[in-house]
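Okay, so here's the structure we're looking at.
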Amino acid sequence: MNNDTLIPLIGVVTDIRQDTPDVKTFRVNALEGGKVFEHMPGQCAMLSIPGVGEGMFSITSSPTNKEFMEFSIKKCGCLTTWLHQMEVGQQITIRGPYGNYFPVETELKGKDLLFIAGGIGLAPLRSVINYVRDNRSNYGEVQIVYGSRSKDDLVDYQEIISEWQADPNIEVNLTIDNPQEGWDGHVGFVPNYVKELNPSTNKTVLVCGPPIMIKFTLAGLKELGFTETQVYTTMELRMKCGVGKCGRCNIGNKYVCKDGPVFRFDQLGELPDEY
Amino acid sequence: MQEAMIKRAVQLLADGTVNRVMGWKRGEFVYDITPAVFTTAEELEKDFVCDDFTQANLSKYLVKESRKEGKILAFLKPCDTYSFNQLVKEHRIIRENVYVIGIPGGPKLDIEKIKAKGITGILSVENENYTLKIETIYGTETMPFSEAVSGKCSGCKSKKHVAYDELIGDDGEVLDSNRFDMVAKLENMTSQERFDFWRGELSKCIRCNACRNVCPACTCENCVFDNPKSGIDQKAAADSFEEKMFHIIRAFHVAGRCTDCGECSRVCPQNIPLHLLNRKFIKDINELYGEYQAGADTTSRAPLNNYNADDCEPSVVHERGVE
Amino acid sequence: MLKISADRLNDLFNRIASEQTLYIPVDREPNTAEYRKYEDGMKLSESLNTVRSAKDFFFPQTENLAEFKVEGKNIEIKDIREESGDFVVFGVRACDARSFSILDKVFLSEPVDSFYKNRREHGTIITMACTRPSETCFCTAFGIDPTAPEGDVAVFADGENYFFLDRTEKGKKFIESVADMLEDGDTSKLEEVKEKTREIMKKLPLAGLGTDSFGGDKLNELFNSPKWAELSESCLGCGTCTFVCPTCQCYDIRDFNTGNGIRRFRCWDSCMYSDFTKMAHGNPRLSQLERFRQRFMHKLVYFPANNDGEFGCVGCGRCLSRCPVSLNIVKVMKTLEVKE
Amino acid sequence: MQVNENFKPVIVAFCCNWCSYAGADLSGTNRLNYPANVKIIRVPCSCRVNPMFILRAFQKGADGVIICGCHPGDCHYTSGNYFTRRRITLLYSMLDFLGIERKRTRLEWVSAAEGAKFASVMEQFVSDVQKLGPNRRLEDLRCRKQ
């Protein structure tokens, strides 16, 4: 019998990084080294610890990384709590890649890009940002707006400081919700910060974060003159199969696991408001 | 009867005593009747129905309805008033927000029993002096009323209303029913026979949860079988053990609170006699701890929330009847 | 057409059962039928349909996906799939036969579900034309002809004989394998029976049910209909309709610790259940209204939107007779229907 | 009935912390033998034993389940074991009603001073269950030891 997508492969956790008090980034390799499978930026994988459960997570590393995959995971429910208790060397099961991806090779090519992320919402965008950095000549200006509750909650802070901010071809704007000792950057919510920054409306926007942030950011962008066809986001709903068959992650007739997770806002607008 | 009920409901709506009416709504066929809330006289006159097929117990809906704005009128059959009382006792129904009109009970008809006679294509069912005249696409059929009486009515325990604000028709008496006969019959079988009987019945279960969801005693906000933290949240009976587990625990959780309304068996799509499990508990409680009828009042202590220092020991189970 | 006389039907069953597993509908109680593995002497049910649908043969309520052995930090995956044996399902009605093509669109689309495909490849479906439709039937609303069912082989009864017609390659092979038991028969009486059935179909109470108000292009207007609130009010949130439905295919994947390892299995799930879409951080379908709407929108709007207009209902009428509170797809359709 | 002498039943004993568990302890310190195949689970009070615990024990491979608590009237929480008594009576009766062998279930009152009683009760119970053979009527096939 052929392989079945529901039967997973085995991955090994080869590195664990504590990013924030409740987010860890896990590096996953195949048993024999290298990556378990290839993916495109924005795609997801089903990770599981047998006996605990299975969950869909965004692949945070860029496809241009040929050595390993990374997942930034926030401790939230039962499975993620277990994942956070893992030690290096732990094996997990993994299957994928699932879903569509940000159109980095088509619609986004040659465009000026604006990334807007809040909290753990940086996870799926990090894959795109690093993909763009590795193929820098294919894209125009790159601006990143990233906000979190506090300085400690900025995911991948080290990489942001040492690589992204150091990159002269990228503009990085960080913000935190409340003033904090040792922080001399911007303070305020992401949607307001975006309005203050007043980005040029010829940019294509990729946004991800908590639903409430996305809602207000979209409204703010529209005020600035952006249209829905310029804005992409990535969604999350409960998933089991990952291939559009188990029937639970649909928004209207679209399955987030198969037709998503990446949607353009004008596509989302045509679907019922049930997410 | 139906006319009198509609007339009274319209009056109570008009004089502002209530703002909604809980009753039964006509369906596509003579038998597919749905519990519904009516808000206007027009709706009542068009769709309200109370006839030989209005079996559904409305009490459980009142848990939610009694928490809404205004007072609701509910028509309750004698058996439904027991469930109602039990829910009032458990503080699930807010009594002040419900205006109860007691109506005479069954016996009601079960369409499955008519279909079991091979009668199909049913267009109408008329009761003429306790003979059913059934019009079908394939011609007219007749059968005795008594043979189509619903299982939940054939073992009727009481025609007395235990809670009401007013009555339409006369009140009845608590009956001397034979409802424990089947339980007693099973008790007198051998252990192996009982095992085989239940193995046959419970293996039909498709775990649709209809018995649980319809049960007026099952009103937990989050059932233990739906709670992933319980460790037993089974979606499907993956093994015969889980069938037994679900049905034992379902019945156990309502032991001492089950009023024996019979809804569980009525709704089972696989016709499993689930009420026998509940009746077994009721029979045991009656025999071991004294006669008790859940829902008969709103003040007594439930048998499982109570004890006597001289209660029997569990070894009675090992000592009685057939092994 | 090839036929066998009614009194020799069991001989045929015995023959089939000697070569592969045979399932036929049998009466459990009067007029309550279920599929059972054929054993000598079993009588074919005369009921119109089985309580549970025939989807169970290809998409069973529970099935094991894989097994895991966990030792320390290591995991070992065991692929426990096995090639299914050949089997025959006899007496499938036209509605259920159509449900397989609906399930195929889900499970055989990329990536193919190997569990389902395996059973599909090994199963031969023998359908049976209807002669006594019930008041709950409305398959014609979805373009199904109950007198000419699909499947691998279609069987027609005229009261004295059973006629066999092959519909697929697999069906042809099947008929060839039992051809020595069949003989040529005169179909004139059969045509009469079919004509009579078609006449009855026209007279059924649900014969006029239309689907014009539904379909993929009516997505938002139907989703936003205020009528869902009233429709869903009495829904108990049980899974009866989904579990007896021949086209409902939602499933859950769970792990069970057997003490000898972890067994991952899938089982039917119902969009009517409160935990169906529940996540650690919230639930997009919090009330029964949303869950009820999801089920019917899926059948009447989402499925046709994704499958060239084909509806996800076959009009078998099971939900009409089994719903504890008599809510069903016909009531939904009639309430939401836009009348000209 | 044929008794398989090699069969070692798995027995789960739920013991109340205040009396029966101490009773088991005492039987140990007194060097009284009780069968090693009794697995003790300590509970704060016999009424902590949810019917589901008992079923789960059978599911996961127990051949017999016994609950031990303080003697009626001696409950550390005044009345816990009175509730246990009613609850467990009804549950055992239901299991019997479903055709599960009644000798697979038992309830005994064992005080902290009754180390000898604990040992003899267990001895007796194990031998009863051994006569019944492995639990087949209330087992989960998936959990059968391979």
Side-chain angles (χ1 to χ4, degrees), chain A residues 1-13 31 46 48-55 74-81 86-93 98 210-211 236-255 258-259 270-275, chain C residues 65-70 72-77 79 81-83 106-107 109-115 117-118 216 219-220 223-224 248-257 261-264 266 269 271 276-285 290 293-294 297-298 301-306:
Chain A
M1 248 179 277
N2 293 332
N3 286 340
D4 194 288
T5 185
L6 296 180
I7 300 175
L9 303 164
I10 290 180
V12 193
V13 177
L31 272 179
M46 269 284 187
S48 131
I49 296 183
V52 180
E54 217 175 12
K74 178 168 170 157
K75 192 160 143 184
C76 186
C78 179
L79 174 66
T80 51
T81 303
M86 289 191 302
E87 290 168 11
V88 170
Q90 173 73 47
Q91 296 184 356
I92 55 172
T93 77
Y98 292 126
E236 183 187 33
L237 285 174
R238 184 168 200 199
M239 301 174 194
K240 283 283 181 181
C241 68
V243 285
K245 300 187 199 290
C246 82
R248 68 197 68 226
C249 67
N250 68 309
I251 304 172
N253 62 324
K254 300 286 184 217
Y255 288 100
K258 192 182 82 184
D259 306 307
E270 290 164 11
L271 297 174
D273 183 20
E274 192 176 58
Y275 46 83
Chain C
L65 299 178
E67 267 178 15
F68 304 97
K69 288 251 180 251
V70 182
K73 289 179 177 176
N74 296 340
I75 300 172
E76 186 195 331
I77 302 178
D79 189 346
R81 290 180 296 171
E82 276 173 16
E83 198 76 18
V106 176
F107 288 116
S109 64
E110 279 303 318
V112 173
D113 188 289
S114 64
F115 301 88
K117 182 165 168 258
N118 178 16
L219 201 147
N220 279 304
F223 184 91
N224 295 319
C248 269
Q249 103 304 314
C250 292
Y251 61 80
D252 195 355
I253 297 176
R254 327 192 116 226
D255 287 356
F256 177 78
N257 188 341
I262 310 288
R263 190 173 289 185
R264 181 160 294 171
R266 78 163 154 205
D269 202 350
C271 52
F276 187 63
T277 52
K278 196 172 166 195
M279 292 174 282
H281 70 254
N283 190 346
R285 295 185 202 131
E290 287 140 357
R293 174 171 62 191
Q294 162 66 19
M297 286 294 284
H298 186 204
V301 180
Y302 305 153
F303 197 84
N306 294 342

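Letters go in sequence order (proteins before strands), and every chain restarts at 1. Keep in mind that this is a model prediction, so the values were computed, not measured.
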Subject >> Gap between atom CD1 of A:I7 and atom CG of C:D79 - 0.5 Å precision >> reply: 4.0 Å
Subject >> Proximal component of A:L237, with respect to chain C [non-hydrogen, under 4.5 Å] >> reply: both
Subject >> N/O donor-acceptor pair under 3.5 Å between A:E274 side chain and C:R285 backbone >> reply: no
Subject >> Between C:R254, C:K278, C:M297, C:E110, the one whose heavy-atom pairs under 4.5 Å with chain A are most numerous >> reply: C:K278
**OP:** Could you tell me which portion of A:L9 (side chain, backbone, both or neither) has an atom closer than 4.5 angstrom to a non-hydrogen atom of chain C?
**Re:** backbone
Subject >> From CZ (A:R238) to CZ (C:F276), nearest 0.5 Å >> reply: 9.0 Å
Original post:
So, A:D4 side chain and C:S114 main chain: donor-acceptor pair closer than 3.5 Å or not?
Top reply: yes
Original post:
Is the backbone N or O of A:E270 less than 3.5 Å from a side-chain atom of C:N220, with the two atoms forming a donor-acceptor pair by type?
Top reply: yes
Original post:
Contact part of C:V112 toward chain A, heavy-atom cut-off under 4.5 Å: side chain, backbone, both or neither?
Top reply: backbone
Original post:
Can C:R264 and A:T93 be said to form a side-chain contact (heavy atoms from CB on, under 4.5 Å), step by step?
Top reply: CA-CA 12 Å; C:R264 181 160 294 171; A:T93 77; 4.1 Å; yes
Original post:
Non-hydrogen atoms of chain C under 4.5 Å away: do they reach the side chain of A:I49, the backbone, both or neither?
Top reply: backbone
**OP:** Please state whether the side chain, the backbone, both or neither of A:V52 comes within less than 4.5 Å of a heavy atom of chain C.
**Re:** backbone
**OP:** Let me know if A:Q90 has heavy atoms under 4.5 Å from chain C in its side chain, its backbone, both or neither.
**Re:** both
Subject >> Greatest number of heavy atom pairs closer than 4.5 Å to chain C - which of A:C249, A:G244, A:C241, A:G77 >> reply: A:C241
**OP:** Take A:I10 and C:F68 through the test side-chain contact (heavy atoms from CB on, under 4.5 Å) and record every step on the way to the result.
**Re:** CA-CA 11 Å; A:I10 290 180; C:F68 304 97; over 6 Å; no
Subject >> Which atoms of C:E290 approach chain A - backbone, side chain, both or neither, heavy atom under 4.5 Å >> reply: both
Original post:
What is the distance from atom OG of A:S48 to atom CG of C:D255, rounded to the nearest 0.5 Å?
Top reply: 6.0 Å
**OP:** Measure from the side-chain N and O atoms of A:K240 to the backbone N and O of C:D252, and report whether any donor-acceptor pair falls under 3.5 Å.
**Re:** no
Original post:
Is there a donor-acceptor pair closer than 3.5 Å between any side-chain N or O of A:K245 and the backbone N or O of C:Q249?
Top reply: no
Subject >> Side chain / backbone / both / neither for A:C78 at chain C, heavy atoms under 4.5 Å >> reply: neither
Original post:
Any side-chain heavy atom of A:C246 within less than 4.5 Å of one from C:I253?
Top reply: no
**OP:** Could you tell me which residues satisfy salt bridge (charged side-chain N to carboxylate O under 4.0 Å, His left out) with A:R248, sequence neighbours excluded, listed by chain and number?
**Re:** C:D269
**OP:** Over all heavy atoms of both residues, which pair between C:I75 and A:Q91 is shortest? Give the atoms and the distance, please.
**Re:** N-OE1, 2.7 Å
Subject >> ring pair (Phe, Tyr, Trp, His ring centres under 6.0 Å) against C:F107, all qualifying residues, sequence neighbours excluded >> reply: C:F59, C:Y116
Original post:
With respect to chain C, which residue among A:L31, A:T80, A:I92, A:L6 yields the maximal number of heavy-atom pairs within a distance under 4.5 Å?
Top reply: A:L6
Subject >> Proximal component of C:V70, with respect to chain A [non-hydrogen, under 4.5 Å] >> reply: side chain
Original post:
Of all heavy-atom pairs between C:Y302 and A:P272, which one has the smallest distance, and what is that distance?
Top reply: OH-CG, 4.1 Å
Original post:
Checking heavy atoms, do the side chain of C:L65, its backbone, both or neither come under 4.5 Å from chain A?
Top reply: both
Subject >> Spacing of C:F223 atom CZ and A:D273 atom CG [to the nearest 0.5 Å] >> reply: 7.0 Å
Subject >> Contact class of A:Y98 relative to chain C, heavy atoms under 4.5 angstrom >> reply: neither
Subject >> A:V88 backbone acceptor or donor facing C:K73 side chain under 3.5 Å >> reply: yes
**OP:** Kindly give the heavy-atom pair with the smallest separation between A:V243 and C:P111, and that separation in Å.
**Re:** CG1-CG, 3.2 Å
Original post:
When rounded to the nearest 0.5 angstrom, what distance separates CZ in C:R81 from CG in A:N3?
Top reply: 6.5 Å
**OP:** Please name the pair of heavy atoms, one in C:I77 and one in A:P8, separated by the smallest distance, quoted to 0.1 Å.
**Re:** CD1-O, 3.3 Å
